[in-house]
Amino acid sequence: MAKLSETTARTTIAMMRSIASHKPITPFHLMAADQMESLLEEVVKYRKKKPLWAGLTANERNLYTNYADRLVIDEIEGLLRSKNE
């Protein structure tokens, strides 16, 4: 299942609020919009929360002048980066 974009969710919530404001016989739409909005805020909070990843800086890499050491460092960073995505 594809991710729902934040813009699409906010548009849907706005439509639900619009329906609720024009049709007083459907309080369900207003309640649903409130619930959708609270769920959206929770999802946005977790989507924007990125795992911390810190690789070696250029200065730190330059400390290792041996070519073999640099290859090992590149391989290890690649593995760590793939695990943290």
Side-chain angles (χ1 to χ4, degrees):
M1 178 183 276
K3 282 186 179 179
L4 176 67
S5 75
E6 183 179 351
T7 305
T8 302
R10 292 206 186 278
T11 302
T12 304
I13 291 169
M15 288 180 351
M16 294 288 275
R17 290 194 190 285
S18 176
I19 290 170
S21 67
H22 294 326
K23 304 237 185 230
I25 58 171
T26 57
F28 162 78
H29 290 94
L30 189 58
M31 184 179 68
D34 290 339
Q35 290 177 349
M36 288 169 62
E37 195 162 32
S38 68
L39 286 172
L40 176 63
E41 294 305 323
E42 186 176 341
V43 168
V44 167
K45 180 177 76 174
Y46 286 114
R47 275 190 187 172
K48 292 185 178 184
K49 190 177 189 180
K50 297 284 182 186
L52 296 177
W53 162 251
L56 294 176
T57 64
N59 290 336
E60 291 169 335
R61 281 179 173 277
N62 289 336
L63 295 175
Y64 298 94
T65 56
N66 186 348
Y67 183 71
D69 290 342
R70 286 185 181 211
L71 288 177
V72 170
I73 289 170
D74 289 343
E75 186 174 343
I76 291 171
E77 279 192 333
L79 289 170
L80 290 172
R81 190 172 285 114
S82 69
K83 284 186 173 187
N84 286 302
E85 288 179 347

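Here the structure is a predicted model, which means the values were calculated and not measured.
Rounded to the nearest 0.5 Å, atoms CG (D34) and CG (L39) are 11.0 Å apart. Taking CD1 of I73 as the reference point, atom CG of L63 lies at 9.0 Å (rounded to 0.5 Å). Interatomic distance, I76 CD1 to L71 CG, rounded to the nearest 0.5 Å: 11.0 Å. Interatomic distance, E37 CD to I13 CD1, rounded to the nearest 0.5 Å: 5.0 Å.
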Inset, instruction - Show the numbers, then the answer: is there a side chain to side chain contact (heavy atoms under 4.5 Å, CB included) between E41 and K45? - result: CA-CA 6 Å; E41 294 305 323; K45 180 177 76 174; over 6 Å; no
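Heavy atoms only, all atoms of each residue included: S5 and T8 are closest at OG-OG1, 2.7 Å.
The backbone N or O of R70 lies less than 3.5 Å from no partner atom in the side chain of R61, so there is not a single donor-acceptor pair.
Surrounding CD of E75 are at most 12 heavy atoms belonging to other residues, nucleotides or ligands under 6.0 Å away.
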